[in-house]
Amino acid sequence: MRGHDGKGEVRVVVRDAGPEAHISVEDDGMGMEPERARQVLDDDPRNQGNGIGLANVDVRMRQIYGEAYGLVVETAVGAGTKVRLRVPKARHSSL
């Protein structure tokens, strides 16, 4: 929570959306340029660097649930960051 003297707010909201759960994690931090957020998600999670957690979660969500279930990042400099994801309540497995 740089820029907030070590203080800030992180909010996690989970909503029932019929066959899915909609989850959002939002902070009131410094935010980032939207292009940087795209780079973080497009980066190979095995590479060293910032954002490995987001990229890793995005890849795993898409592998498990399909391409429609990746992370969505909303951010702007000075406006914090919000990460949204959808999770099916029932997993159809081919195992």
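Values below: all heavy atoms of this structure, side chains included; hydrogens, waters and symmetry mates excluded.
The heavy-atom pair separating Glu33 from Val77 by the smallest distance is OE2-CG2, 3.5 Å. Nearest heavy-atom pair, Thr81 versus Gly31, reported as atom, atom and distance to 0.1 Å: OG1-CA, 3.6 Å.
Note: the hydrophobic cluster containing Met32 does not contain Leu41 (ILVMFWY, side chain heavy atoms under 4.5 Å, direct or indirect links). Note: the hydrophobic cluster containing Val10 does not contain Val13 (ILVMFWY, side chain heavy atoms under 4.5 Å, direct or indirect links).
For the atom pair CG (Leu71) and CZ (Arg60), the distance works out to 12.5 Å, reported to the nearest 0.5 Å. Atom CZ of Arg86 is separated from atom OG of Ser24 by 14.0 Å, given to the nearest 0.5 angstrom. Atoms CZ and CD1, on Arg15 and Ile23 in that order, are 11.5 Å from each other to the nearest 0.5 Å. In this structure, Glu20 CD and His22 NE2 are separated by 4.0 Å, a value rounded to the nearest 0.5 Å. The distance from the CG atom of Asp58 to the CD atom of Gln63 is 10.0 Å, given to the nearest 0.5 Å. The OG1 atom of Thr75 sits 10.0 Å away from atom CD of Glu26, with the distance rounded to the nearest 0.5 Å.
A donor-acceptor distance shorter than 3.5 angstrom exists from the side chain of Lys89 to the backbone of Gly18, with no hydrogens or angles considered. Looking at Asp28, its side chain does come within 3.5 Å of a backbone N or O of Glu9 through a donor-acceptor pair.
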(request) Please report the C-alpha distance between Val72 and Val83 in whole Å, then the side-chain angles of each, then the deciding distance to 0.1 Å, and finally whether the side chain to side chain contact (heavy atoms under 4.5 Å, CB included) criterion is met. (result) CA-CA 6 Å; Val72 175; Val83 178; over 6 Å; no

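The shortest side-chain heavy-atom distance between Leu85 and Tyr69 does not fall under the 4.5 Å cut-off.
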